[in-house]
Trainee: 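This structure is in structure tokens; I'll ask about it shortly.
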Amino acid sequence: MIQIYNTLTRKKELLKPIEEGHVKLYVCGITSYDYCHIGHARSFLVFDMIVRYLRYRGYRVTFIRNFTDIDDKIINRANEQKVSSEDLANRFIKEFYLDTDRLGILRPDLEPRATEHIPEMIELIQELIDKDLAYQSGSDVYFRVADFPGYGKLSGRNLEDMQAGARIEVNEKKQHPMDFVLWKGSKPGEPKWDSPWGEGRPGWHIECSAMSRKYLGETFDIHGGGQDLVFPHHENEIAQSTGTTGKPFANIWIHHGFVTIRDEKMSKSLNNFLTIREILEQYQPEVIRLFIFSTHYRNPLDFSEAALQDAEIGLDRLYDCLARIAGCRDEGRKKSAVSVKDREKIESLQQRFEYAMDNDFNTAQGLGLLFDAVKVMNKVVQTVQAKPSAEDLDLLQKGGETVRELAGIMGLLQQDPVVYIESKKRKLLDRLDISVADIEQMITERAEARQKKDWAAGDKIRDRLLEYGIELQDGPEGTTWEVKI
RNA sequence: GGCGACGUAGCCAAGUGGUAAGGCAGAGGUCUGCAAAACCUUUAUUCACCGGUUCGAAUCCGGUCGUCGCCUCCA
């Protein structure tokens with residue numbers, strides 16, 4: 001059984017989908033006015049992993065993630081760049097797909113856009129007005145928070161506390177300072193839609209209430225987003241949705257932690273963010289995935305070059321193990337070289353991994369278990385010199401497959417290990433001033449010298465290659481080389 | 001000011017009351033002509049600090065200190 005931490009109750013709860021075996025999930029997507037940064041990547045990746053794991057566990061998942069394609073930020077940015085809001089939003093949705101496709105993020109089942117659901121939002125606002133939970137003021141419509149019992153429940157605050165320390169602008173149009181806008185009258189030149197309250201555009205919060213209701217119903221299983229969305233966005237969604245239906249909105253609220261830089265939140269306002277594509281120039285997608293999943297999704301994750309380099313070394317270690325297993329051959333060895341304890345470790349990997357992941361998607365623990373299994377399998381391959389008994393070969397191959405399958409839940413180890421290692425080698429080699437032919441020529445010369453036991457000459461060649469960044473490894477099958485970073 | 005999260009080795013990080021996973025880095029060893037890679041061994045009597053509950057606490061409770069976040073747009 002899967003346990004998930006629910007922000008609403010501040011406890012881990014068993015996942016019990018409303019419809020047996022079918023999980024309905026809504027996640028807040030981007031406001032499309034700029035490139036996505038590594039913090040966004042964490043959000044996409046966390047929910048990508050959650051969806052993959054739920055499906056792995058046999059659930060049918062309906063996954064919705066919206067695009068906010070109308071908003072003040074979009075309008076402002078569009079004005080700066082002298083393009084239409086629509087063109088700007090469309091452009092950054094395209095850029096979003098470029099980034100997420102490179103990261104291997106699965107597409108949600110539906111990706112509704114706010115601008116395509118204006119009638120649904122208007123309908124919802126009208127219902128709120130009819131229930132007297134919303135009121136028109138000038139050309140705007142506001143939600144009346146004081147009349148919604150339980151406002152603040154998700155974020156654990158009450159109206160009095162919020163007002164006391166709030167840095168809220170005085171707005172004559174609001175009856176209560178915490179009231180929030182549902183419909184905003186448009187100023188000249190701004191994008192606008194017709195409504196019973198005049199021309200205008202929807203507020204930010206109403207779109208998620210309207211679109212989730214349309215596609216998932218009045219009550220659904222999981223609503224997700226970043227921790228910064230808890231208040232006010234998700235609090236307001238609950239007020240709007242439960243306000244109209246009188247029913248619970250989402251049963252479980254999942255909020256992931258931030259990516260920080262030097263322990264400070266990465267954000268556009270602090271201008272300390274790194275875009276996904278900037279990082280992809282240096283590191284391949286699976287490195288970013290390993291970095292993200294090495295910490296539990298609710299904890300903050302500090303970004304640094306060193307952390308990514310660690311992740312890259314770790315990924316190499318996993319691929320090296322798979323390549324090593326692929327290189328094993330059965331040459332008629334009879335006796336098993338695997339201890340009972342090690343065999344047990346490999347055979348129980350899947351079960352232990354599921355136990356970790358069932359506990360609120362503990363990828364950090366899950367990864368630890370994968371590394372643990374890899375360690376054992378490396379040992380076996382080493383012990384038998386890549387020539388295991390038929391029984392051991394079977395264990396290794398099954399173990400390798402399990403590692404690959406489980407890593408796949410995090411989108412890891414999806415490449416052929418030999419291809420991964422070779423392509424990485426080539427990429428590194430491109431940065432060096434030496435060709436493969438030159439390297440192989442020098443290795444041949446060195447082999448000749450070594451055959452004559454002219455160690456000094458051989459070592460000289462090895463040193464020269466090292467200056468180019470090439471590291472030699474002498475094994476029983478001859479000399480291999482690697483590019484040293 | 002209100003609300004919340006976090007503090008585990010040199011660094012990163014898991015740990016759902018039963019005696020501290022895993023990764024990186026370091027040290028010693030096996031292998032090697034010497035190396036490298038790989039493997040083995042090793043590195044926290046202790047989990048910010050102080051009290052309490054318990055047969056038993058990194059885990060639960062109270063307090064102190066520190067860091068971060070939300071309360072304004074944010075993943």
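No hydrogens, no waters, no symmetry mates; every other heavy atom, side chains included, goes into these values. Not measured: the values here are computed from a predicted model. Every chain is numbered from 1, with letters handed out A, B, ... down the list of sequences.
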Trainee: Would you kindly check whether a donor in the side chain of A/Arg450 faces an acceptor in the base of B/G33, or vice versa, at under 3.5 angstrom?
Mentor: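 For A/Arg450, whose side chain was compared with the base of B/G33, there is a donor-acceptor pair (under 3.5 Å).
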
Trainee: With respect to A/Lys184, which candidate in A/Asp140, A/Asp71, A/Asp72 satisfies the salt bridge (Lys or Arg N to Asp or Glu O under 4.0 Å) definition?
Mentor: A/Asp72

Trainee: Please classify the nucleic acid contact of A/His296 as base, sugar-phosphate, or nothing, using heavy-atom distances under 4.0 Å.
Mentor: sugar-phosphate

Trainee: Taking OP1 and OP2 of B/G23, is either one under 4.0 Å from a side-chain nitrogen or oxygen of A/Arg317?
Mentor: yes

Trainee: If I take atom CZ in residue A/Arg262 and atom C1' in nucleotide B/C11, what distance separates them, rounded to the nearest angstrom?
Mentor: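 From A/Arg262 CZ to B/C11 C1': 16 Å.
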
Trainee: Just call it for A/Ile313: base, sugar-phosphate, or nothing, with non-hydrogen atoms closer than 4.0 Å on any strand.
Mentor: sugar-phosphate

Trainee: May I ask you to say what A/Gly156 touches in the nucleic acid, namely base, sugar-phosphate or nothing, with a heavy-atom cut-off under 4.0 Å?
Mentor: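 Sugar-phosphate contact only - A/Gly156 comes under 4.0 Å of backbone atoms but never of a base.
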
Trainee: Within the 4.5 Å heavy-atom criterion, are A/Leu472 and A/Ile461 side-chain neighbours or not?
Mentor: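 No, every pair of side-chain atoms sits at 4.5 Å or beyond.
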
Trainee: How close do A/Met211 and A/Asn66 get, heavy atom to heavy atom, and via which atoms?
Mentor: CE-CB, 3.7 Å

Trainee: How far, in whole Å, is B/A58 from B/U72 if one measures between their P atoms?
Mentor: 40 Å

Trainee: One thing to verify: whether A/Lys12 and A/Asp360 come together as a salt bridge, which I'm taking to mean a side-chain N less than 4.0 angstrom from a carboxylate O.
Mentor: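 Salt bridge between A/Asp360 and A/Lys12, a charged N being under 4.0 Å from a carboxylate O: no.
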
Trainee: So which nucleotide does B/G1 pair with, by the Watson-Crick or G-U wobble rule with both distances under 3.5 Å?
Mentor: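 Its partner is B/C71.
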
Trainee: Over how many whole Å does the gap from A/Gln473 atom CD to B/U32 atom C1' extend?
Mentor: 13 Å

Trainee: Which part of the nucleic acid does A/Gln227 contact within heavy-atom distance under 4.0 Å: base, sugar-phosphate only, or nothing?
Mentor: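 Touches nothing.
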
Trainee: Can you figure out which of B/G15, B/C74, B/G22 approaches the side chain of A/Asp228 most closely?
Mentor: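 Out of B/G15, B/C74, B/G22, the nucleotide with an atom closest to A/Asp228's side chain is B/C74.
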
Trainee: Would A/Arg157 and A/Phe231 count as a cation-pi pair here, with the cationic atom under 6.0 angstrom from the ring centre and within 45° of the axis?
Mentor: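 Yes, a cation-pi geometry holds between A/Arg157 and A/Phe231.
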
Trainee: For A/Asn359 and B/G15, give me the distance from atom CG to atom C1', rounded to whole Å.
Mentor: 10 Å

Trainee: If the P atom of B/A35 is compared with that of B/G23, how far apart are they to the nearest Å?
Mentor: 25 Å

Trainee: Taking donor-acceptor contacts at under 3.5 Å, does the side chain of A/Lys265 reach the base of B/C74?
Mentor: yes

Trainee: Would you indicate what A/Asp360 reaches in the nucleic acid, counting non-hydrogen atoms under 4.0 angstrom: base, sugar-phosphate, or nothing?
Mentor: nothing

Trainee: Can you work out whether A/Phe47 or A/Phe231 has the more 5'-proximal nearest nucleotide on RNA chain B?
Mentor: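 Nearest-nucleotide comparison on RNA chain B picks A/Phe231.
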
Trainee: Using the six-membered ring of A/Tyr5, assess whether NZ or CZ of A/Arg298 lies under 6.0 Å from its centre and within 45 degrees of the ring axis.
Mentor: yes

Trainee: Nearest whole angstrom, please: distance from the C1' of B/C11 to the CG of A/Asp302.
Mentor: 12 Å

Trainee: A/Gly368 near the nucleic acid: base, sugar-phosphate alone, or nothing, with a heavy-atom cut-off under 4.0 Å?
Mentor: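 Answer is base: heavy atoms of A/Gly368 come under 4.0 Å of a base.
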
Trainee: Let's test your reading of the model: under 3.5 Å, does the base of B/C34 pair with the side chain of A/Arg462 as donor and acceptor?
Mentor: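 Indeed, a donor on one side and an acceptor on the other fall under 3.5 Å apart.
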
Trainee: Looking only at the side chain of A/Thr295 (C-beta and beyond, no hydrogens), which of the listed nucleotides B/A14, B/C39, B/C74 gets closest?
Mentor: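 The answer is B/A14, which lies nearest to the side chain.
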
Trainee: Should A/Asn299 be listed as having a side-chain N or O under 4.0 Å from OP1 or OP2 of B/A14?
Mentor: yes

Trainee: What does A/Leu369 touch in the nucleic acid at a heavy-atom separation under 4.0 angstrom: a base, only the sugar-phosphate, or nothing?
Mentor: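 The answer is nothing, as A/Leu369 stays clear of every strand by at least 4.0 Å.
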
Trainee: Between A/Asn362 and B/G15, does any side-chain N or O lie under 4.0 Å from OP1 or OP2?
Mentor: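 True: A/Asn362 side-chain N/O within range (under 4.0 Å) of B/G15 OP1/OP2.
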
Trainee: Can you tell me the base-pairing partner of B/A38? Count Watson-Crick or G-U wobble geometry only, both distances below 3.5 Å, and say none if there is no partner.
Mentor: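 B/A38 is paired, partner B/U30.
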
Trainee: Looking at B/G66, which nucleotide sits across from it as a Watson-Crick or G-U wobble partner, both distances under 3.5 angstrom, or is there none?
Mentor: B/C6

Trainee: Could you measure between the two P atoms, the one in B/A13 and the one in B/A38, and give it in whole Å?
Mentor: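 Their P atoms lie roughly 24 Å apart.
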
Trainee: B/G15, B/A75, B/C73: which one has an atom nearest the side-chain heavy atoms of A/His40?
Mentor: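 The nucleotide sitting nearest to the side chain is B/A75.
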
Trainee: Considering Watson-Crick and G-U wobble pairs with both distances under 3.5 Å, what does B/U46 pair with?
Mentor: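 Paired with B/U46, as far as the under-3.5 Å criterion goes, is no nucleotide at all.
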
Trainee: Find out whether A/Tyr53 and A/Asp358 are in side-chain contact, i.e. whether some heavy atom of one side chain is under 4.5 Å from a heavy atom of the other.
Mentor: yes

Trainee: Is A/Arg446 touching bases, backbone alone, or none of the nucleic acid, heavy atoms closer than 4.0 Å?
Mentor: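 Base contact.
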
Trainee: Which part of the nucleic acid, if any, lies within contact of A/Ser155, taking any heavy atom under 4.0 Å across all strands shown: a base, the sugar-phosphate backbone alone, or nothing?
Mentor: sugar-phosphate

Trainee: Taking for each residue the nucleotide of RNA chain B with the nearest heavy atom, is it A/Arg324 or A/Phe258 whose nucleotide lies nearer the 5' end?
Mentor: A/Arg324

Trainee: Return yes if the base of B/C40 and the side-chain atoms of A/Asn378 contain a donor-acceptor N/O pair under 3.5 Å, otherwise no.
Mentor: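 Between B/C40 and A/Asn378, which were checked side chain against base, a qualifying N/O pair under 3.5 Å is absent.
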
Trainee: So, is A/Trp481 close to the B/A37 phosphate, meaning a side-chain N or O under 4.0 Å from OP1 or OP2?
Mentor: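 It does not, given that no N or O in the side chain of A/Trp481 lies less than 4.0 Å from OP1 or OP2 of B/A37.
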
Trainee: Rounded to the nearest Å, what distance is computed from the CG atom of residue A/Asn272 to the P atom of nucleotide B/A75?
Mentor: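 One finds 14 Å between P of B/A75 and CG of A/Asn272, rounded.
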
Trainee: Distance between the C1' atoms of B/U8 and B/U67, in whole angstroms?
Mentor: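 About 15 Å, rounded to a whole number of Å.
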
Trainee: What contact category does A/Asp310 fall into here, base, sugar-phosphate, or nothing, at under 4.0 angstrom with non-hydrogen atoms?
Mentor: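 Since a base atom lies under 4.0 Å of A/Asp310, the category is base.
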
Trainee: For B/A36 versus B/A44, give the span between their C1' atoms, rounded off to a whole number of Å.
Mentor: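 Between the two C1' atoms, the distance is 31 Å.
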
Trainee: Using side-chain contact (heavy atoms from CB on, under 4.5 Å) as the criterion, point out the one residue from A/Val376, A/Ile325, A/Val338 that pairs with A/Leu395.
Mentor: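 Of the listed options, the one satisfying the test is A/Val338.
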
Trainee: Contact class for A/Arg42 (heavy atom, under 4.0 Å): base, sugar-phosphate, or nothing?
Mentor: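 Nothing, no heavy atom under 4.0 Å.
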
Trainee: Using the six-membered ring for Trp and the full ring for Phe, Tyr or His, decide whether A/Trp455 stacks on the six-membered base ring of B/G33 (centres under 5.5 Å, planes under 30°).
Mentor: yes

Trainee: Counting only Watson-Crick or G-U wobble pairs whose two distances fall under 3.5 Å, which nucleotide matches B/C55?
Mentor: B/G18

Trainee: Between B/C39, B/A13, B/A75, which one does the side chain of A/His37 approach most closely?
Mentor: B/A75

Trainee: With C1' as the reference atom in both, quote the distance from B/G10 to B/U16 in angstrom, rounded to an integer.
Mentor: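 Pairwise C1' distance, B/G10 against B/U16, rounds to 30 Å.
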
Trainee: Classify the nucleic acid contact of A/Glu482 as base, sugar-phosphate or nothing, counting any heavy atom under 4.0 Å across all strands shown.
Mentor: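 It contacts nothing in the nucleic acid.
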
Trainee: A/Glu471 has a side chain; which of B/A37, B/A25, B/C73 sits nearest to it?
Mentor: B/A37

Trainee: With A/Phe92, which of A/Tyr35, A/Tyr97, A/Tyr33 fulfils ring-ring contact (aromatic ring centres under 6.0 Å, His included)?
Mentor: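 Single pass found, and it is A/Tyr35.
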
Trainee: Would you state whether a donor and an acceptor, one from the side chain of A/Asp459 and one from the base of B/G33, lie under 3.5 Å apart?
Mentor: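 Present.
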
Trainee: So what does A/Asp320 hit on the nucleic acid, given a heavy-atom distance under 4.0 Å: a base, only sugar-phosphate, or nothing?
Mentor: nothing

